Amino acid sequence: MSAVQTGGALAAAIEALLPGTCPHCDHPLNGRDRGLCGSCWSLTVPRAGGACRRCGAPTEDSSGPCLVCLQTPPPQSATVAWGEHDGALRTAILALKHGGRDDFAEPLGARLAASIATQPWAPMIDCIVPVPSHPWRRLRKPWAAAELLAKSVSKRLEKPVVRLLRRHGLGRQTGQSRARRLELTQKSFSPRGKTGRRTLLLIDDVTTTGTTLRRAAKALRQAGAKDIYCGVCAHAPDPRRFS
C-alpha cells in the first residue's frame, strides 16, 4: 500500500471514530459530505469574467490572447483554470496540497474535468501529464496534488495518466513574490523520454504567473509533443494570498 493510500486509510479511520468538521467553516460534517460540508462546496463556483485562452490569466477580452501571450506566446495552446484561488476553494486546494487530504482530489478533479470536457480540443487529448514535484520533496510529502488531480481527471475523461516529466531544483513557488515566480529556471523540468506525436493535457493544482506551466509545457514540446493543453483547479491573481 502506498503512503498516500495509507494516509487516506488512516484519515478514514479517524473520521469513523471522531465527528469530522469542515475545514472551511468548522461545522460538523455529515456522512454524505466529502472534504467540505455541502454548504461550503456550494460556495466553490467556476470563475467569472474573461480569461486568456492561452494562459488562463484574467483579461477583459477573452476572444484572443492576453498582452503577455501576444508578446511571448506560451508553449501550450490553451489553459483551463476552473475557479479563483479564494474562499472555500482555496481551503480545499490547500487541504489537498499541504494537509494530506487526498479525499479532496476526487471532487476537485471532477469539477476540473467537467470544465475541460466542454472545450473543443478535449476529444484530441491522448494522455494526461501531472506537473511533478521534486523526488526529495516526495520523501517529506509523499502525496502530490497534481498527480492525484490528474488521476481524478483521467477517470472522467477516460484518458491515461503518463508521467512524462522530471522536476529539478528544490526552489518552491509557494509563497514567493510574482518577480521570484517569474525567475523559475528554464531547466526546472526535463522529459523522461520522447513523448511521441501525442496531444497532452498538463495538470496542476494552481497557477499564479503561469511560469510553472510554461516551463513544463516547454519541456514536453522539446520532447516531441504534438500539442499541449493545460488544466488547473484555480487561478491565484494575487500571489500574497497563496500560501
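Please read these numbers as outputs of a predicted model, since none were measured by experiment. Here, residue 1 is the first one in the sequence, and each next residue gets the next number.
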> Can you name the closest pair of heavy atoms from T44 and L89 and give their distance?
CG2-N, 3.6 Å
> Are any of the side-chain heavy atoms of K226 and M124 separated by less than 4.5 Å?
no
> Calculate, to the nearest 0.5 Å, the distance between atoms CG and CG belonging to L43 and L36 respectively.
9.0 Å
> Please report the C-alpha distance between L96 and L149 in whole Å, then the side-chain angles of each, then the deciding distance to 0.1 Å, and finally whether the side chain to side chain contact (heavy atoms under 4.5 Å, CB included) criterion is met.
CA-CA 9 Å; L96 170 65; L149 289 169; 3.9 Å; yes
> Would you check if V80 and L112 make a side-chain contact, meaning some heavy-atom pair closer than 4.5 Å?
yes
> What side chain to side chain donor-acceptor pair (under 3.5 Å) pairs are there with at least one residue in residues 148-160, not counting sequence neighbours?
E106-K155, E106-R156, S152-R156
> Check V45 against S42 and note the closest heavy-atom contact, atom names and distance.
CG1-O, 3.8 Å
> Is R34 close enough and on-axis enough to W41, meaning under 6.0 Å and within 45°, for cation-pi?
no
> Apply side chain to side chain contact (heavy atoms under 4.5 Å, CB included) to H24 and R90, showing your working.
CA-CA 9 Å; H24 188 66; R90 181 175 184 268; over 6 Å; no
> When rounded to the nearest 0.5 angstrom, what distance separates SG in C55 from NE2 in H235?
7.0 Å
> Taking atom CZ of R53 as the centre, report whether more than 12 heavy atoms of other residues, nucleotides or ligands fall under 6.0 Å from it.
no
> Taking all heavy atoms of D204 and all of A146, pick out the closest pair and write down the distance.
OD1-CB, 3.7 Å
> Within a strict 4.5 Å, meaning less than it, do heavy atoms of the V129 and I203 side chains meet?
no
> Quick one about S190 and H168 (side-chain donor to acceptor, distance below 3.5 Å, no hydrogens or angles considered), yes or no?
yes
> Hey, does W82 have a side-chain heavy atom less than 4.5 Å from the side chain of L108?
no
> How about V161 and P130: do any of their side-chain heavy atoms sit closer than 4.5 Å?
yes
> For C25 and S39, what are the C-alpha separation, side-chain angles and deciding distance, and is it a side chain to side chain contact (heavy atoms under 4.5 Å, CB included)?
CA-CA 9 Å; C25 69; S39 295; over 6 Å; no
> Compile the donor-acceptor pairs under 3.5 Å between side chains in residues 114-122 and protein atoms, sequence neighbours left out, one pair per line.
{"residue": "T118", "atom": "OG1", "partner": "S115", "partner atom": "O", "Å": "2.7"}
{"residue": "Q119", "atom": "NE2", "partner": "S115", "partner atom": "O", "Å": "3.4"}

> Side chains of L202 and L165: does their closest heavy-atom pair fall under 4.5 Å?
yes
> Just verifying a value: how many Å separate I125 CD1 and L200 CG, rounded to the nearest 0.5 Å?
9.5 Å
> Can you tell me how far the CZ atom of R214 sits from the OG1 atom of T79, to the nearest 0.5 Å?
9.0 Å
> Ignoring hydrogens and angles, tell me if any N or O in the side chain of R166 forms a donor-acceptor pair with the backbone of S188 under 3.5 Å.
no
> Indicate whether any N or O donor in one side chain lies under 3.5 Å from an N or O acceptor in the other, for T59 and D61.
no
> Any side-chain heavy atom of Y229 within less than 4.5 Å of one from T199?
yes
> State, yes or no, whether a side-chain contact exists between L29 and C22 at a heavy-atom distance under 4.5 Å.
yes
> Could you work out, with salt bridge (charged side-chain N to carboxylate O under 4.0 Å, His left out) as the rule, every residue matching D227, not counting sequence neighbours?
R221
> If I compare all heavy atoms of R54 with all of C69, which pair ends up nearest, and what's the gap?
CB-SG, 3.7 Å
> Starting at CG of L213, measure out to OG1 of T207 and round the result to the nearest 0.5 Å.
4.5 Å
> Grab the two heavy atoms, one from R167 and one from P132, that are nearest each other, plus how far apart they are.
CD-O, 3.0 Å
> If you round to the nearest 0.5 Å, how far is SG of C233 from CD1 of I93?
5.0 Å
> Nearest heavy-atom pair of L148 and A105: which atoms, and what distance?
CB-CB, 3.7 Å
